[in-house]
Amino acid sequence: MDEFELRLYQQETLLNDDDYTTELRLHVVHYGETLLNRVRYEVELLEKELVALSSVFNEFLDEVKTMDAKIGKLSTAINQGKMQAAKELDQTIKQEVQNVVEQLRVLPKADLDGVEMLFQNLDALQDNYGMIQAQIKTLDEIGVKTEHLKKNLPALEKGLNQFGKSIEERQMSLLVGEEEDKAPEIDYDELRQELMSTLLNQRRAMINHLRQAQTMANPKEVELLKRNQQSFEQGFAQISEQIKLLEEAGQNITELQEQLEPVASGLRQFERALASNQFLAFSQKIYDEVAIVNEQIEEAQACDNFDDLEILRENVEALFENCDAMADELDVLADQGLDIDPVIEHYDVLRMAIEQFERMVQEAANRIGLASGRL
Amino acid sequence: MYNSTRLKQALQTLQALSEERGNISKQLAALRSRCQFREQVIDSLYDYYDLVSGDYYAVVDGLVRSTEAIEILRDYMQEHYDVIDDQMQRMRKMLDQPVKPTDTIEKLDKLKGFVFYMRPETPRTLNASPKMPPGSQT
């Protein structure tokens, strides 16, 4: 039936209606128009509400993005701060022990004025000790491991007690008129033993330090290792100086020098160990890729049109392909008998970052859909 | 020496920020649910509008010739005419209630039920116009 025939059919129908049928049609018009008008009104109202709600939703989304960026920055700063705080506190404790040793060294030559000054120094050192304890407590409260810091505290406490006692003895001897030649002598045997113990600790720590340099797979930790290396160098310089003092006092330092040599050798080997670390390059490659993914995530967060969205979707696939290629490379390394566990951890970071990127693209798709009136 | 107390303060700030972030997430989820509800209702109302307008124009334009068929269409429209205000008010009441994202699916089903309640049963609409010419069904 063509259009003309259809019209004829309709006209014929309406012309042939009896009165009852015409009335029925008028009823349908009345009920139908009411229903349609009512539905149209509700739809218009709901569409306006939807647009308004979408606008608020997008505002909240922007706020969330800003807040996420702040939280991310703060979180990174805090994590770095925790590491830095523990490290600096460790150095401070060691420095304080060294300060006490220095004070003990000048004590035998101090006159009464000098003793007074040393008492003031003792007060300052004791204040510092209280502050260090408070700082360790704070670090404990915020979840930083402080066991290694607490291990060094007894030595500092013992040194302070010894220093206090020695100042009192020196003051007493000066007040009762005793001569310089009766001043307390330095216990070289004890000093030698302390140095020996420190050297043994340094050797053990150096072995661990070099192992980390050879096997560590996180490029971000290289700086940390380099800082540790600096600490080792400073410690080495201080110990060498102490040994020199013993030598000047006519003490036998052969055994100490024997123990010092492996530490010196370890210090020289550090750069070589770092260069021979075959996982670092691979991890660096992974983190270069992670940096790209992070840029893509930022783009996904800012994406507001379908064209860019399409490109981002293609990028998701490309990044997953790169990630799979890296997994294949890792399999090859594993087949060669290498322990790839340290690198797997970083590979997982990449994998999770790409998955997050995929989610952000999906959120962008939802957002664009919402802004255009469809979720 | 590093100031651990400031670090602790920063950590407290981070916790406060995270808490605030969690609250905003909840509000975001609630807003999303409200948008989804409205979109679902709009879709359903569009469907309903198509159905009613199809029958309406079929009758008004003379595509339906049978008196019995027109009576059936008149009856269902009258039935809907009597209840549409009530249905729309119930729907509005439901839309205006606070939304928990966890209840989203259950609530969506209820909302659909309100709108679909008014949808005429499919066989009834088809049987209503047995003489409708081929290709003219809306």
Side-chain angles (χ1 to χ4, degrees), chain A residues 1 6 9-14 16-18 20-21 24-25 27-36 38-40 42-43 46-47 49-50 53-54 56-57 60-61 63-64 67-68 70-71 74-75 77-78 81-82 84-85 87-89 92 131-132 134-135 138-139 141-142 144 370 374-375, chain B residues 1-8 10-14 17-18 20-21 24-25 27-28 31-32 34-36 38-39 41-42 45-46 48-49 52-53 55-57 59-67 70-71 73-74 76-81 84-85 88 91-92 95 118 131 133-136:
Chain A
M1 184 181 284
L6 180 62
Y9 179 89
Q10 289 172 310
Q11 282 174 2
E12 190 187 332
T13 303
L14 294 174
N16 290 336
D17 273 353
D18 55 22
Y20 177 64
T21 310
L24 278 177
R25 285 191 201 280
H27 283 163
V28 167
V29 168
H30 171 65
Y31 294 132
E33 280 186 355
T34 305
L35 289 174
L36 294 177
R38 182 60 203 262
V39 171
R40 203 180 295 126
E42 289 295 339
V43 167
L46 285 165
E47 281 180 342
E49 285 177 1
L50 187 58
L53 283 169
S54 304
V56 177
F57 180 87
F60 266 92
L61 210 57
E63 200 174 325
V64 166
M67 193 166 266
D68 281 348
K70 280 183 188 170
I71 288 173
L74 188 56
S75 183
I78 286 173
K82 280 181 177 177
Q84 190 70 14
K87 185 174 170 291
E88 288 188 16
L89 196 54
T92 304
M131 200 169 68
I132 286 169
Q135 294 282 306
T138 308
L139 289 181
E141 285 169 2
I142 59 176
V144 177
L370 191 66
R374 294 193 67 80
L375 276 171
Chain B
M1 187 167 57
Y2 207 94
N3 191 336
S4 304
T5 311
R6 284 190 65 189
L7 199 56
K8 190 178 174 185
L11 204 65
Q12 285 163 347
T13 307
L14 180 66
L17 264 177
S18 297
E20 185 65 17
R21 169 70 171 85
I24 292 180
S25 279
Q27 288 174 301
L28 209 56
L31 267 173
R32 190 179 175 80
R34 291 173 80 92
C35 290
Q36 281 178 320
R38 277 158 181 76
E39 193 186 41
V41 172
I42 288 169
L45 286 174
Y46 269 121
Y48 179 70
Y49 188 92
V52 174
S53 63
D55 291 340
Y56 170 83
Y57 286 110
V59 172
V60 171
D61 293 344
L63 290 171
V64 183
R65 188 170 283 182
S66 157
T67 304
I70 299 173
E71 271 180 342
L73 292 174
R74 190 274 315 264
Y76 100 73
M77 284 192 189
Q78 185 178 8
E79 188 189 331
H80 286 197
Y81 175 87
I84 192 164
D85 276 343
M88 290 296 123
M91 181 195 77
R92 172 57 55 189
L95 281 175
M118 293 187 296
K131 292 178 187 173
S136 64

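In what follows, chains carry the letters A, B, and so on, assigned in the order in which the sequence lines appear, proteins first and then strands, with residues in each chain numbered from 1.
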Is chain A contacted by the side chain of B/Arg92, its backbone, both, or neither, given a heavy-atom distance below 4.5 Å? side chain
Looking at chain B, which one of A/Leu139, A/Val144, A/Asp18, A/Asp17 has the largest number of heavy-atom pairs inside 4.5 Å, strictly under? A/Leu139
Apply side-chain hydrogen bond (donor to acceptor under 3.5 Å, both in side chains) to B/Glu20 and list each qualifying residue two or more places apart in sequence or on a separate chain. none
Of the backbone (N, CA, C, O) and the side chain (C-beta and beyond), which part of A/Glu33 lies under 4.5 Å from a heavy atom of chain B, both, or neither? both
Interface residue of largest heavy-atom contact number with chain B, from A/Lys70, A/His27, A/Lys87, under 4.5 Å: A/His27
Output for pair (A/Ile142 CD1, A/Ile78 CD1), nearest 0.5 Å, gives 8.0 Å
Is a donor on one side and an acceptor on the other found under 3.5 Å between the side chain of B/Arg21 and the backbone of A/Asp68? no
Against chain B, work out which of A/Val56, A/Thr21, A/Leu24 has the most heavy-atom pairs shorter than 4.5 Å and name it. A/Leu24
Tell me, for A/Arg38 versus chain B, whether the close heavy atoms (under 4.5 Å) come from the side chain, the backbone, both or neither. side chain
When rounded to the nearest 0.5 angstrom, what is the spacing between OG in B/Ser25 and CZ in A/Phe60? 10.5 Å
If one checks every heavy atom of A/Leu14 against chain B at 4.5 Å, the contacting part turns out to be side chain
Would you say the side chains of A/Glu42 and B/Tyr49 form a donor-acceptor pair under 3.5 Å? no
Relative to chain A, which of B/Thr13, B/Thr67, B/Ile24, B/Leu14 shows the most heavy atom pairs under 4.5 Å? B/Leu14
Can you tell me how far the CG atom of A/Leu46 sits from the OH atom of B/Tyr46, to the nearest 0.5 Å? 10.0 Å
